[in-house]
Amino acid sequence: QVELEESGGGLVQAGGSLRLSCAASGRTFRMGWFRQAPGQEREFVAAIDGSTTYYADSVKGRFTISRDNAKSTVYLQMNSLKPEDTAVYYCAATWRSGAVTAHGMDWWGKGTLVTVSS
């Protein structure tokens, strides 16, 4: 069992930046971020395993995922934020490989709210 704890959410104006952090209690193969806006399904944002990164089309060029293996921590740098980025952001992790999907993740954090005002 791996526990994940997110931090770094908050309120920011459109065009601004935020950095999310997620600390894991143990080692994992893949770590990623998903988000869920009110009334919508949870969607993939970004993931990293080894040196390979994955991004949703909606955040490419604006968000950057990185990882500090020594600290078992993953970061999500979010730039040029838009009101449509408003959501609860969840950190997730797994020891499995394969397609990057929510079903492919084994452990989840409680989420951190990101609100982007227009």
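If you read the sequence from its start, that first residue is 1, and numbering goes on from there. Keep in mind that what you see is a predicted model, and the values were worked out from it rather than measured.
Side-chain contact between Arg35 and Asp85 is present, with heavy atoms from C-beta onward closer than 4.5 Å. Side-chain contact check for Val74 versus Trp33: some heavy-atom pair is nearer than 4.5 Å. Residues Ile48 and Tyr55 have side chains not in contact (no heavy-atom distance under 4.5 Å, counting atoms from C-beta outward). When side chains are defined from C-beta on, Val12 does not count as touching Met78, because their heavy atoms never get closer than 4.5 Å.
Pairing each heavy atom of Met31 with each of Met105, the nearest pair is C-CE, 4.4 Å. For the pair Gly98 and Arg30, the tightest heavy-atom approach, listed with the atom from each and the gap, is O-NH1, 2.9 Å. Closest approach of Thr94 to Asp106, counting heavy atoms only: OG1-OD2, 2.6 Å. Closest non-hydrogen pair, Ala47 versus Val100, comes out as CB-CG1, 3.7 Å. Residues Ser25 and Gln1 share a closest heavy-atom pair of OG-O, 4.3 Å. In terms of heavy-atom proximity, Ser17 sits nearest to Asn79 at OG-OD1, 2.9 Å.
Checked options Tyr89, Phe44, Tyr54; the residue passing with Phe34 is Phe44 (criterion: ring pair (Phe, Tyr, Trp, His ring centres under 6.0 Å)).
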_Verdict with reasoning, Thr28 to Arg67, per side chain to side chain contact (heavy atoms under 4.5 Å, CB included)_ = CA-CA 11 Å; Thr28 61; Arg67 185 170 181 171; 2.9 Å; yes
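For the pair Lys60 and Asp57, the salt-bridge criterion is met [side-chain N within less than 4.0 Å of a carboxylate O].
At most 12 heavy atoms of other shown residues, nucleotides or ligands fall within 6.0 angstrom of atom CD in Glu3. Within 6.0 Å of atom CD in Glu43, more than 12 heavy atoms from other residues, nucleotides or ligands are found, so the atom counts as buried in its surroundings.
No donor-acceptor pair closer than 3.5 Å links the side chain of Ser72 to the backbone N or O of Arg27. Using a distance-only test at 3.5 Å, with no hydrogens or angles considered, no donor-acceptor pair links the side chain of Tyr75 to the main chain of Thr64. When atom types are taken as modelled, the side chain of Glu6 and the backbone of Gly111 share a donor-acceptor pair closer than 3.5 angstrom.
Atoms CZ and OG1, on Phe63 and Thr53 in that order, are 14.5 Å from each other to the nearest 0.5 Å. With values rounded to the nearest 0.5 angstrom, Thr86 atom OG1 is found 8.0 Å from Leu113 atom CG. The distance from atom OG of Ser117 to atom CG of Leu11, rounded to the nearest 0.5 Å, is 5.0 Å. Note that CD of Gln77 is 9.5 Å distant from OG of Ser21, once rounded to the nearest 0.5 Å.
Side chains of Ser66 and Arg19: a donor-acceptor N/O pair is absent below 3.5 angstrom, by distance only.
Taken together through direct or relayed side-chain contacts under 4.5 Å among Ile, Leu, Val, Met, Phe, Trp and Tyr, Val88 and Val59 form parts of separate hydrophobic clusters. When the side chains of ILVMFWY residues are joined at heavy-atom separations under 4.5 Å, either directly or via intervening members, Ile65 and Tyr90 end up in two distinct hydrophobic clusters.
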